[in-house]
S.K.: 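Structure below; questions to follow.
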2 protein chains.
Amino acid sequence: MSTGSTGGTVSIKEVAARAGVSPGTVSNVLNRPHKVAAETRTRVEKVIRELGFVRHGSASTLRAGHSRTIGLSVIDIGNPFFTDVAAGVEDVASDLGYAVILGNSSGDHAKEERNLRVFAEQRVRGLLITPSGEDPARLDAIRDRGISLVLVDHPAHRSDQCSVAVNDITGGRTAADHLIAGGAARLAYVTGPLTIRQCLDRMTGAGQAVAAAGLDPVAGLEVVEMPAMNARAGQRAAEKMVAEGRLPDAIFCANDLLALGLLRGLLQAGVRVPDDVALIGYDDIDFAAASAVSLSSIRQPTYKLGRIATELLLDECDNPESHAHQQIMFQPELVARESTRRDR
Amino acid sequence: MSTGSTGGTVSIKEVAARAGVSPGTVSNVLNRPHKVAAETRTRVEKVIRELGFVRHGSASTLRAGHSRTIGLSVIDIGNPFFTDVAAGVEDVASDLGYAVILGNSSGDHAKEERNLRVFAEQRVRGLLITPSGEDPARLDAIRDRGISLVLVDHPAHRSDQCSVAVNDITGGRTAADHLIAGGAARLAYVTGPLTIRQCLDRMTGAGQAVAAAGLDPVAGLEVVEMPAMNARAGQRAAEKMVAEGRLPDAIFCANDLLALGLLRGLLQAGVRVPDDVALIGYDDIDFAAASAVSLSSIRQPTYKLGRIATELLLDECDNPESHAHQQIMFQPELVARESTRRDR
DNA sequence: CGCCACGGCTGGCACGTTTTAATGAACGCC
DNA sequence: GGCGTTCATTAAAACGTGCCAGCCGTGGCG
């Protein structure tokens with residue numbers, strides 16, 4: 001522990017005075033050490049340590065015109081999918097000296113708007129966003145403000161923008177194919193709002209699989225749309241389907257939270273999984289493997305999504321000339337477990 | 001959508017010019033609207049909208065001497081416990097116009113240090129921290145810098161500081177009592193590093209229960225210390241205990257992630273839960289109820305923890321005089337499920 | 001009628017940093 | 001020995017906002 005008991009805050013000026021140099025030199029020590037004579041540099045660094053000086057980020061941002069923070073706007077921080085993404089983001093950002101400002105929209109459009117405003121006020125260097133709705137104009141407005149943008153889990157609709165996504169149509173088709181291969185002829189798709197692109201794409205993929213298998217495109221895929229995408233909504237969906245007495249052969253859930261809730265609801269109602277109904281989720285969150293009946297799912301490279309998105313973003317920020325915009329699309333992967341075991 | 005196509009950034013000065021007032025008046029409109037005549041105010045507000053002006057947070061921070069951001073330092077953002085806390089924090093902060101900067105230490109002391117440095121650079125108004133180790137001096141150093149501090153999930157050791165915690169000793173005792181009441185005589189405690197206070201306290205509580213039940217204080221509570229507190233560590237603990245062939249009557253895990261991993265490991269090894277071994281976790285995360293054998297646990301008011309911590313912090317920031325420091329201690333609650341069912 | 005009070009607004013300085021042009025010192029070269 | 005060159009450092013001007021002192025005009029009161 002050093003002597004830095006200055007009580008308040010210590011500025012570059014005080015460091016300069018104590019080290020017998022000008023403030024400019026201290027600034028150089030901080031930002032362009034190579035431009036400073038070795039002896040001077042070590043002397044200044046010593047004073048910095050002694051005084052416990054830490055650079056005033058706001059002053060720096062104000063002068064430099066840009067900050068060392070990025071914004072991360074997600075739809076539901078309670079969903080392990082986004083948590084994994086956030087972990088990837090945080091790791092990369094932290095390594096490169098950036099701070100991450102977290103914004104959780106809870107699917108609420110107004111709240112997302114408010115978060116974006118906060119990001120704008122903070123003059124974040126860049127923004128990672130999982131847009132909750134289709135609204136290109138709003139995103140363009142942000143870009144016009146000079147804030148770099150990378151779409152996370154959402155393909156870009158223009159080539160001058162980075163995005164990192166996973167093919168949800170393929171994922172939906174893979175899931176439905178798997179269920180059909182297991183012998184299901186009547187499928188249900190339990191989803192969140194279909195205004196969410198992911199939900200819609202996964203449905204599209206499932207529809208393709210149903211059609212390709214020669215099943216009835218309407219009766220073959222019943223769609224159950226819930227207002228939320230958490231475990232509670234899944235449980236309610238189960239209760240609803242059981243109450244209405246029309247259970248399909250197999251159920252595909254738009255994410256694992258829905259699937260886990262649904263699973264619980266089915267089991268409580270005495271429905272056996274996979275014997276009575278097969279079940280598959282989406283995301284392959286950690287808890288999918290540990291559930292009552294281990295849950296089949298579609299795995300996405302979540303952590304990697306966060307890492308790569310952040311790398312793209314910071315590359316765009318730090319090397320604006322050499323940066324090449326990329327739209328990266330990963331392919332999801334089937335993870336078959338007990339909930340779709342076919343030996344029935 | 002307004003006409004705000006200024007391309008770059010628009011300052012208070014331009015707003016002032018366009019509205020025919022001085023910059024000071026615009027500042028007043030933003031910060032002390034009541035000091036401005038209604039007519040002038042609406043005119044300025046109109047221009048603000050038209051130009052798409054958004055306040056430069058850094059300039060504001062620099063001048064005002066404090067920012068509208070708070071730091072949140074957690075140990076593992078992948079743990080639903082912390083996610084719930086973060087959700088509570090985000091909700092309150094967002095409501096009061098504060099931005100949350102997220103720092104995830106992953107239990108890494110150096111990384112936590114680095115995050116604290118970033119927080120200091122950003123001149124966060126306050127800091128919510130779940131300290132990963134006992135190091136009061138470091139926290140005091142932060143307070144000396146004038147940054148308000150609220151300890152989350154950790155009782156304060158001094159009365160001039162706010163903290164929000166849950167009684168872990170009680171929780172540990174409750175868990176062990178429950179296992180003993182179920183007929184267990186030989187308990188094991190599977191935990192993360194005992195340098196973590198929570199792990200230690202829960203062990204202390206369990207030890208009290210063992211002693212109170214008249215069991216052997218040594219043989220009655222075997223301690224298995226793992227380097228991490230996630231599902232993987234839990235699974236490894238199970239494999240280890242099974243391999244060594246000495247399974248206790250009941251296992252108490254320091255958190256649900258460990259317990260879920262352990263549960264999976266036990267089931268894979270053919271050990272029946274609760275028939276062969278009873279199992280209880282800690283935190284009562286959402287997924288505890290949905291696991292293979294639904295998991296008994298100790299519930300903590302997680303979301304509330306985050307909310308109240310943030311409310312205390314922002315009260316301390318915004319009303320420094322009237323603020324009364326509080327050390328809040330919640331009591332945890334037993335949630336009994338299948339994994340400790342006693343009819344064996 | 002003169003004076004004061006007050007509401008409403010303006011002007012300008014300060015916050016801490018970065019950056020650019022200028023300054024000084026040291027040095028080799030014609 | 002003067003001169004250009006290089007290197008290390010300095011002085012000063014921004015960046016956009018918040019705050020304070022002060023200005024002006026109006027209206028009430030003695």
Side-chain angles (χ1 to χ4, degrees), chain A residues 6 8-45 47-48 51-69 97 118 120-125 145-146, chain B residues 6 8-45 47-48 51-69 97 120-125 145-146 318:
Chain A
T6 48
T9 184
V10 33
S11 81
I12 221 177
K13 221 176 292 180
E14 303 172 47
V15 174
R18 187 96 114 86
V21 296
S22 80
T25 301
V26 178
S27 174
N28 279 336
V29 170
L30 293 173
N31 304 309
R32 282 109 78 187
H34 59 279
K35 305 214 77 174
V36 174
E39 191 215 356
T40 318
R41 189 171 60 223
T42 54
R43 183 156 37 100
V44 170
E45 282 166 347
V47 174
I48 286 179
L51 262 45
F53 166 80
V54 359
R55 184 214 319 262
H56 196 306
S58 295
S60 173
T61 296
L62 175 60
R63 175 61 231 230
H66 54 81
S67 72
R68 298 282 289 179
T69 59
V118 171
E121 280 206 6
Q122 295 301 319
R123 293 294 196 273
V124 293
R125 188 70 190 279
R145 257 210 190 81
Chain B
T6 49
T9 183
V10 32
S11 81
I12 220 176
K13 220 177 292 181
E14 304 171 47
V15 174
R18 187 95 113 87
V21 296
S22 81
T25 301
V26 178
S27 175
N28 279 336
V29 169
L30 293 173
N31 304 307
R32 281 110 77 187
H34 60 278
K35 305 214 78 173
V36 176
E39 191 216 355
T40 319
R41 188 171 62 223
T42 55
R43 181 157 40 101
V44 170
E45 282 166 348
V47 174
I48 286 179
L51 261 46
F53 166 81
V54 2
R55 184 214 318 262
H56 196 306
S58 295
S60 173
T61 296
L62 175 60
R63 177 60 238 231
H66 55 82
S67 73
R68 297 283 288 181
T69 59
E121 281 206 7
Q122 295 302 320
R123 294 293 195 275
V124 293
R125 188 70 188 279
R145 256 211 190 81
D318 295 338

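So that the names make sense, note that chain A is the first sequence line, chain B the second, and so on, each numbered from 1. Keep in mind that this is a model prediction, so the values were computed, not measured.
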S.K.: State whether the side chain of B:Arg123 and the backbone N or O of B:Ala120 hold a donor-acceptor pair below 3.5 Å, judged by distance alone.
M.R.: yes

S.K.: Encode nucleotides 14-22 of chain C as B, S and - characters from 5' to 3', where the letter depends on protein heavy atoms closer than 4.0 Å: B to the base, S only to sugar-phosphate, - to neither.
M.R.: BBBBBBB--

S.K.: Find the distance A:Gln122:CD to D:dG16:C1' and express it as a whole number of Å.
M.R.: 14 Å

S.K.: Under the 3.5 angstrom rule, does the side chain of B:Arg55 hit a backbone N or O of A:Glu121 as a donor-acceptor pair?
M.R.: no

S.K.: Main chain of B:Thr9, side chain of A:Arg145: is a donor-acceptor contact present, judged purely on distance under 3.5 Å?
M.R.: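 No, the answer is negative, given that no donor and acceptor are paired below the 3.5 Å cut-off.
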
S.K.: Would you kindly give the NE2-to-C1' distance between B:His34 and C:dG7, to the nearest whole Å?
M.R.: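 It is 12 Å, rounded to the nearest whole Å.
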
S.K.: Could you grab the distance from atom CZ of B:Arg18 to atom CD of B:Glu14, nearest 0.5 Å is fine?
M.R.: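 The CZ atom of B:Arg18 sits 10.0 Å away from the CD atom of B:Glu14.
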
S.K.: Is a side-chain N or O of A:Thr25 found less than 3.5 angstrom from the main chain of A:Val21, in a donor-acceptor match?
M.R.: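 No, A:Thr25 side chain to A:Val21 backbone: no donor-acceptor pair under 3.5 Å.
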
